[in-house]
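Excluded from the calculations below are hydrogen atoms, water molecules and symmetry mates; all remaining heavy atoms, backbone and side chain alike, are included.
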Amino acid sequence: MIPPLAPLFQGAFASYREVLTLADDPRAAVPARVFLSAAQLDGQLARFAPEHAGGDPRARLSLWSKYYFRRLLPPVLAASLILDWRLPLDLDEVGVVPGADGLPEAFRLPHAGAAWASPPDPFARFAELLDGHLQPLIQILAAHCRAAPRLFWGNAGDYFEWCLGQLEALPLPAARLADGRALLAAPRRPDGTRNPLFELVRYHPRGAGRPSWRQRRGCCILDRLGLPLCDDCPRRGAPPV
């Protein structure tokens, strides 16, 4: 555990207490690039879902990536948005503690990070995550199974948005979470390039008194493994009004 982040990992977040760690973690770790190398990644996939060993490689890796993002994003977003804490997440500096299930059990960071000296803009706040970790990770995953990167960006954006929803349910000032929503709502980065997390999840009204319908922009293709379409899959069409 990273001591400055200890206040976060209580209640619903207690299970993330040992996900972000430092060099004093006694568990064996390997560099993230090694963990994601072709041979190792094939081994992780075999341990993760042996029942899908003969399935579509893109769908298998899509499923694996969902669990990766679900492990990484909640503690990172909570640290950034609740504690205003900047974490060193560059893929070339992070170690991974491999789990027996083929997924990351923990992420070993090179140091504890630090509080922001002054409030950053949304893209600066998430630069270590977006550019340092997700961008190279998704490039590796897409190349490994010859899939379009948007498949994995869709999974990352889905969990990013879901995490924000979980944090918004906590008794926190709305301003604390504003940068997360602003990032997802911006079609372009400050330098004019495309934002790969832009509106990957949308909410559609369903009439007075009914909750909005949450829908992903792209399908995660898990049906190619014989799994049902997700509730928010765009291929499901609109729900009843």
Does the side-chain contact (heavy atoms from CB on, under 4.5 Å) test come out yes or no for E128 and D90, once each step is laid out? CA-CA 6 Å; E128 291 266 4; D90 192 290; 4.2 Å; yes

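- Within 6.0 Å of atom CZ in R150, 12 or fewer heavy atoms from other residues, nucleotides or ligands are found, so the atom counts as exposed in its surroundings.
- Between C230 atom SG and I221 atom CD1 the span is 11.0 Å, to the nearest 0.5 Å.
- Nearest approach of A186 to N195, heavy atoms of both residues: O-ND2, 2.7 Å.
- For the pair R217 and D158, the salt-bridge criterion is not met [side-chain N within less than 4.0 Å of a carboxylate O].
- The hydrophobic clustering, which links ILVMFWY residues whose side-chain heavy atoms are closer than 4.5 Å, places L229 and Y159 apart.
- Here the two rings, on Y67 and F48, have centers that are under 6.0 Å apart.
- Under the 4.0 Å criterion applied to side-chain N and carboxylate O atoms, R216 and D231 are not assigned as salt-bridge partners.
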Stepwise side-chain contact (heavy atoms from CB on, under 4.5 Å) test for R58 and F152: CA-CA 10 Å; R58 293 167 296 177; F152 301 103; over 6 Å; no

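- The residue from V94, V97, L89, D25 that alone fulfils the side-chain contact (heavy atoms from CB on, under 4.5 Å) condition with F107 is V94.
- Between L130 and Q135 the shortest side-chain heavy-atom distance does not fall below 4.5 Å.
- Rounding to the nearest 0.5 Å gives a distance of 10.0 Å between CG of D232 and SG of C219.
- Between L200 and L184 there is no side-chain heavy-atom pair separated by less than 4.5 Å.
- Looking at every heavy atom in both residues, V96 comes nearest to P104 through CG1-CB, 3.8 Å.
- The CG atom of L151 sits 7.0 Å away from atom SG of C145, with the distance rounded to the nearest 0.5 Å.
- Expressed to the nearest 0.5 Å, how far CZ of R60 lies from NE2 of H144 amounts to 8.0 Å.
- Listed here is the closest heavy atom pair of P75 and L20: CB-CD1, 3.8 Å.
- Follow the hydrophobic side-chain contacts under 4.5 Å out from L103 and you reach V30 in the same cluster.
- Using a cut-off of 4.0 Å between Lys/Arg side-chain N and Asp/Glu carboxylate O, R125 and D84 are scored as salt-bridged.
- Annotation: side chain of V201 is not in contact with side chain of Q215 (no heavy-atom distance under 4.5 Å).
- Note on ring orientation: taking the six-membered ring where Trp is involved, the planes of F13 and Y16 are tilted (angle from 30° to 60°).
- Looking at Q44 and Y68, their side chains never bring a donor and an acceptor atom within 3.5 Å of each other.
- The two atoms that bring A28 and P98 nearest to each other are O-CD, 3.7 Å, heavy atoms only.
- The pair R189-D191 fails the salt-bridge criterion, with no side-chain N (NZ, NE, NH1 or NH2) lying under 4.0 Å from an Asp/Glu carboxylate O.
- Nearest heavy atom pair, residue K66 against residue N155, reads CE-OD1, 3.6 Å.
- Taking CG of D56 as the reference point, atom CG of L63 lies at 12.0 Å (rounded to 0.5 Å).
- The closest side-chain heavy-atom distance from R27 to T21 is below 4.5 Å.
- Annotation: side chain of Y203 is in contact with side chain of E161 (closest heavy-atom distance under 4.5 Å).
- F35 and I140 fall within the same hydrophobic cluster, defined by Ile, Leu, Val, Met, Phe, Trp and Tyr side-chain heavy atoms under 4.5 Å apart, directly or through other members.
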Determine, step by step, whether L77 and L129 satisfy the side-chain contact (heavy atoms from CB on, under 4.5 Å) criterion, reporting the C-alpha distance in whole Å, the side-chain angles of both residues, the deciding distance to 0.1 Å, and the verdict. CA-CA 9 Å; L77 296 190; L129 175 64; 4.1 Å; yes

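- Interatomic distance, CD of E168 versus CG of L177, reported as 5.5 Å (0.5 Å rounding).
- Salt bridge absent: R47 and D101 never bring a charged side-chain N and a carboxylate O closer than 4.0 Å.
- Nearest approach of G180 to L164, heavy atoms of both residues: C-CD1, 3.6 Å.
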May I have the step-by-step check of side-chain contact (heavy atoms from CB on, under 4.5 Å) for L91 and L36, ending in yes or no? CA-CA 10 Å; L91 197 69; L36 296 166; 4.1 Å; yes

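- For the pair W162 and R214, the minimum side-chain heavy-atom distance is below 4.5 Å.
- Proximity of a side-chain donor or acceptor of D223 to a complementary backbone N or O of G226 within less than 3.5 Å is not detected.
- Taking hydrophobic clusters as Ile, Leu, Val, Met, Phe, Trp and Tyr residues chained together by side-chain heavy-atom distances below 4.5 Å, W85 does not share a cluster with W116.
- In this structure, L41 and L141 have side chains that are in contact, with non-hydrogen atoms separated by less than 4.5 Å.
- Aromatic ring pairs are classed by plane angle as parallel below 30°, tilted from 30° to 60° and perpendicular above 60°; the pair H204 and W213 is tilted.
- Side-chain atoms of L5 and L87, non-hydrogen and from C-beta on, do get closer than 4.5 Å to each other.
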Apply salt bridge (Lys or Arg N to Asp or Glu O under 4.0 Å) to residues E105 and R71 and explain how you reach the verdict. CA-CA 8 Å; E105 185 174 304; R71 194 75 170 154; over 6 Å; no

